[in-house]
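To keep things clear, I will list the structure first and then write my remarks on it.
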2 protein chains.
Amino acid sequence: MLYSTIETLKKNQLSITDSRKKILEMFVRSKGALAHADIESQSGTEFDRVTIYRTLQTFVEKGIIHTIPTADNSVRYALCKDACTEGHHRDDHVHFMCDHCGTTYCLDHVHVPKVSLPEGFTSTQMDLVVSGKCMKCNH
Amino acid sequence: MLYSTIETLKKNQLSITDSRKKILEMFVRSKGALAHADIESQSGTEFDRVTIYRTLQTFVEKGIIHTIPTADNSVRYALCKDACTEGHHRDDHVHFMCDHCGTTYCLDHVHVPKVSLPEGFTSTQMDLVVSGKCMKCNH
DNA sequence: TAATATAATGCAACATTGTTGCAAAATATT
DNA sequence: AATATTTTGCAACAATGTTGCATTATATTA
Ligand SMILES: [Mn+2]
Ligand SMILES: [Mn+2]
Ligand SMILES: [Zn+2]
Ligand SMILES: [Zn+2]
């Protein structure tokens, strides 16, 4: 089922504001993940830097978007497509960063495989980030 | 085979300086990974912040240490135990971050499993970071 | 719908992290 | 020991992120 941005905001008990509507729409339209800087440049001077930070934080807390751990330690965000809820993310899919065009993809259908940890270690979360050349850049 | 810090520096054609000796020694002694801030606090006012940044950069370039992509997007470093050389890292092991004590471990003997990517995607690097409770914190 | 209560925004100020240029100091080479 | 080369410390700057607070926008209630 697909929700409009307004429906998504309502469903998460967030008040409907211009910044939230527009930023959420950017994620819906975008193929890849977005960094704070992407949102800032796409929205021009429409919103304050701080508003963007706070909007992203709120969306993460509500389980609307998730952060992506990248090899270069920059912060990127993408829509949650799994059953994420407030304070509980379930994004157990693989992420892909293209070395060539820089796009970061959620590979929603590729799951992180189990690995056997050494005696005594127990896991609650696994993040797998694959780098290489994407679909488009492999022409 | 085990090299002394001085031998390691020589082997990599680096001049022997106080900061390089001491910082490399910190890595050799440390069980887990180190962040810039750890090195700064452990060394007090002995070295300038900039020197620490430059030393870490040099070590990464030479294949002496590698960066660890973490879920919280903070930068950590650990000794390379694989056959890393100048400009070419081969650290294909799993990393573990303890949610409880914060220690980051290189699980040198746990390799990153292959995953099948969607048509058109080709990979050059895979980073798997597992979070949970470590050996010590599971008491 | 209008009045009131609540929440989000913009701004300024600050903190943290990382980078660069350059003179002084340390190390390596002759 | 003298010279060449490299590294260091300092200052200045850039990028990224956080906080407090008055103003503005949204939601609630009458
Ligand atoms: Mn994702
Ligand atoms: Mn490692
Ligand atoms: Zn690409
Ligand atoms: Zn632990």
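All chains are named by letter (A, B, ...) in the order of the sequence lines, taking the proteins before the strands, and each is independently numbered beginning at 1.
Atom pair A:Glu46:CD and C:dC11:C1' shows a separation of 17 Å (rounding to whole Å applied). Whole-Å rounding puts the A:Ile39 CD1 to C:dT9 P distance at 13 Å. Taking atom CG of B:Leu56 as the reference point, atom C1' of D:dT7 lies 15 Å away to the nearest angstrom. The separation between A:Ile52 atom CD1 and C:dA8 atom C1' is 14 Å, rounded to whole Å. Note: NZ (A:Lys21) to P (C:dA8) measures 15 Å, nearest angstrom. Atoms CG (A:Asp48) and C1' (D:dT18) sit 12 Å apart, rounded to a whole Å. In this structure, the CG atom of A:Asp72 is 11 Å from the P atom of D:dT16, given to the nearest Å. One can place CD1 of B:Ile6 at 15 Å from C1' of C:dA28, the figure rounded to the nearest angstrom.
Among the atoms of the strands shown, none is found under 4.0 Å from any heavy atom of B:Gln13.
The residues A:Glu7 and A:Lys11 are annotated as not salt-bridged, no charged nitrogen and carboxylate oxygen being separated by less than 4.0 angstrom.
A donor-acceptor pair under 3.5 Å is formed between the side chain of B:Thr58 and the backbone N or O of B:Arg54. Side chain of A:His95 to main chain of A:Thr70: no donor-acceptor pair is present (N/O by atom type, distance under 3.5 Å, no hydrogens or angles). Put simply, the side chain of A:Asn138 gets close to the backbone of A:Lys133: a donor and an acceptor are under 3.5 Å apart. Under the 3.5 Å distance criterion, the side-chain polar atoms of B:Asn12 are left unmatched by any main-chain donor or acceptor of B:Leu14.
Residues A:Met97 and B:Val129 are members of separate hydrophobic clusters, defined by side-chain heavy-atom contacts under 4.5 angstrom among Ile, Leu, Val, Met, Phe, Trp and Tyr.
Of the residues listed (A:Lys22, A:Lys21, A:Arg29), the one engaging A:Glu25 in a side chain to side chain donor-acceptor pair (under 3.5 Å) is A:Arg29, and it is the only one.
Regarding contacts with the backbone of D:dT7, every side-chain N or O of B:Thr55 stays at 4.0 angstrom or more from both OP1 and OP2.
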Show each protein N/O and nucleotides 25-30 of chain D N/O combination with a separation under 3.5 Å, one pair to a line.
| unit_1 | atom_1 | unit_2 | atom_2 | d |
| --- | --- | --- | --- | --- |
| D:dA27 | OP1 | A:Ile16 | N | 2.8 |

Can you tabulate the close N/O pairs, meaning under 3.5 Å, that link protein atoms to atoms of nucleotides 15-23 of chain C?
| unit_1 | atom_1 | unit_2 | atom_2 | d |
| --- | --- | --- | --- | --- |
| C:dG18 | OP2 | B:Tyr53 | OH | 2.9 |
| C:dG18 | N7 | B:Arg49 | NH1 | 3.3 |
| C:dG18 | N7 | B:Arg49 | NH2 | 3.0 |
| C:dG18 | O6 | B:Arg49 | NH2 | 3.1 |

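Aromatic rings from B:His66 and B:His93 are positioned such that their centres are separated by under 6.0 Å.
Considering only heavy atoms from C-beta on, A:Val112 stays 4.5 Å or farther from A:Asp127 through its side chain.
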